[in-house]
There are 2 protein chains.
Amino acid sequence: MMELTRKGEYAIRGIVYLAAQPPDRVCLLSDIAAAVDVPATFLAKIFQQFSKIGLVKSYRGTGGGFLLGRVPEKITLLEVVEAVEGPIVPNRCVVGAGECVRDVTCKVHPVWKRVQGQVRDVLAGVTLKELSEV
Amino acid sequence: MMELTRKGEYAIRGIVYLAAQPPDRVCLLSDIAAAVDVPATFLAKIFQQFSKIGLVKSYRGTGGGFLLGRVPEKITLLEVVEAVEGPIVPNRCVVGAGECVRDVTCKVHPVWKRVQGQVRDVLAGVTLKELSEV
DNA sequence: CCCTAAAAGGATAAAAAATGTCTTGTTAGG
DNA sequence: CCTAACAAGACATTTTTTATCCTTTTAGGG
């Protein structure tokens with residue numbers, strides 16, 4: 001349970017690598033993939049998702065590549081994980097009110113709410129800066 | 001991410017139902033399944049897992065069925081979830097030392113450790129008693 | 001001793017999700 | 001206009017989830 005998928009793992013590896021580069025250094029996807037040992041085509045999909053929400057910036061054509069969308073101090077692990085894995089939702093019940101038929105009476109509900117909160121807090125408290133420092 | 005599977009959901013529903021029964025009341029699997037709206041064959045598998053680790057006691061034959069292995073105050077949600085979903089492991093890295101090649105240098109590792117700890121703490125703090133009370 | 005009730009266990013199947021790959025399109029530089 | 005690089009969508013493979021079914025074991029009652 002609660003297991004991060006490969007996608008999430010790859011996503012973290014890739015963006016932490018980016019964060020560890022000198023600022024303004026544009027990185028090729030193929031280089032990143034090789035460095036963090038992830039299939040390049042798969043990493044491409046992941047970085048596309050990052051790009052859409054501004055976590056990374058991308059440039060096409062010759063001399064193109066990727067760099068962080070913000071300074072690493074301003075990107076949290078929570079953002080990275082949710083970008084590729086979707087929102088952190090330990091139980092279906094936690095998804096918006098009324099989704100769960102047992103909603104009103106369900107005693108387990110608030111427990112999952114608490115789990116969700118704790119996990120989010122931990123992940124939100126970690127930035128790419130910390131993760132990329134030697 | 002972090003999503004409980006149906007199996008986990010069914011497991012909780014089933015055992016909470018048991019916990020809500022008068023002590024020493026032996027319940028038929030078919031009755032439990034109908035009451036909590038879970039396929040009986042699937043619930044059977046789940047209760048077999050419960051039975052193996054003593055979370056429930058089972059009796060075969062006429063007049064047989066299931067009841068809780070311990071008083072509901074002594075069974076935590078953590079036990080129930082881990083019984084059917086396996087240990088709570090947010091990231092492969094968290095599994096025993098050395099499983100992850102990046103183990104030594106991996107900065108993300110301790111973060112997942114913290115996540116794991118928080119989740120376990122929340123779930124371990126809830127008992128079937130609380131969940132089954134009106 | 002047999003018959004029926006009930007759970008245990010194993011094999012199998014269908015559906016969904018994860019994990020990748022491939023092809024084509026788009027953008028930019030030289 | 002040629003090449004480099006990312007974007008986007010379709011497709012394929014594998015694994016996991018979500019069951020179902022059939023046979024076996026255990027137990028009670030006539």
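The structure presented is a predicted model; accordingly, all values stated were derived computationally and were not measured.
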Asks: Heavy atoms under 4.0 Å, any strand shown: does B/Thr41 hit a base, just sugar-phosphate, or nothing?
Replies: base
Asks: Do the side chains of A/Lys74 and A/Glu79 get close enough for a salt bridge, i.e. N-O under 4.0 angstrom?
Replies: no
Asks: Measure CG/A/Asp31 against P/D/dA4 and give the value in whole Å, please.
Replies: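 The distance from CG of A/Asp31 to P of D/dA4 comes to 14 Å, rounded to the nearest Å.
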Asks: Taking any atom under 4.0 angstrom from a heavy atom of chain B, which nucleotides of DNA chain C are the first and last to qualify, 5' to 3'?
Replies: C/dA5 to C/dT19
Asks: Between B/Lys107 and A/Glu133, is there a side-chain N and carboxylate O pair less than 4.0 Å apart?
Replies: no
Asks: Can you list the steps and then say if A/Leu55 with A/Arg70 is a side chain to side chain contact (heavy atoms under 4.5 Å, CB included)?
Replies: CA-CA 7 Å; A/Leu55 235 46; A/Arg70 276 177 264 147; 3.4 Å; yes
Asks: Tell me whether A/Gln21 contacts the main-chain N or O of A/Leu18 through its side chain, where contact means a donor paired with an acceptor under 3.5 Å.
Replies: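 Side chain of A/Gln21 to backbone of A/Leu18, a donor-acceptor pair under 3.5 Å: no, none is there.
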Asks: Sequence neighbours left out, what passes side-chain hydrogen bond (donor to acceptor under 3.5 Å, both in side chains) with B/Arg6? Give chain and number order.
Replies: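 Testing B/Arg6 for side-chain hydrogen bond (donor to acceptor under 3.5 Å, both in side chains), a comparison that skips the adjacent residues, returns none.
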Asks: Apply side chain to side chain contact (heavy atoms under 4.5 Å, CB included) to the pair A/Ile12 and A/Leu4, showing each step before the final yes or no.
Replies: CA-CA 11 Å; A/Ile12 296 171; A/Leu4 199 66; 3.9 Å; yes
Asks: Can you tell me if A/Gln116 uses its side chain to pair, donor with acceptor, with the backbone of A/Ile88 under 3.5 Å?
Replies: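 Flag set: sc A/Gln116 to bb A/Ile88 pair under 3.5 Å.
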Asks: Could you tell me the separation between the CD1 atom of B/Ile46 and the C1' atom of D/dT18, rounded to a whole number of Å?
Replies: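 After rounding, the gap between these two atoms is 10 Å.
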Asks: Quick one: what's the B/S/- string for nucleotides 5-15 of chain D, heavy-atom cutoff under 4.0 Å, read 5' to 3'?
Replies: BBBBB------
Asks: Determine the minimum heavy-atom distance between B/Ile46 and B/Ala11, stating which atoms define it.
Replies: CG2-CB, 3.6 Å
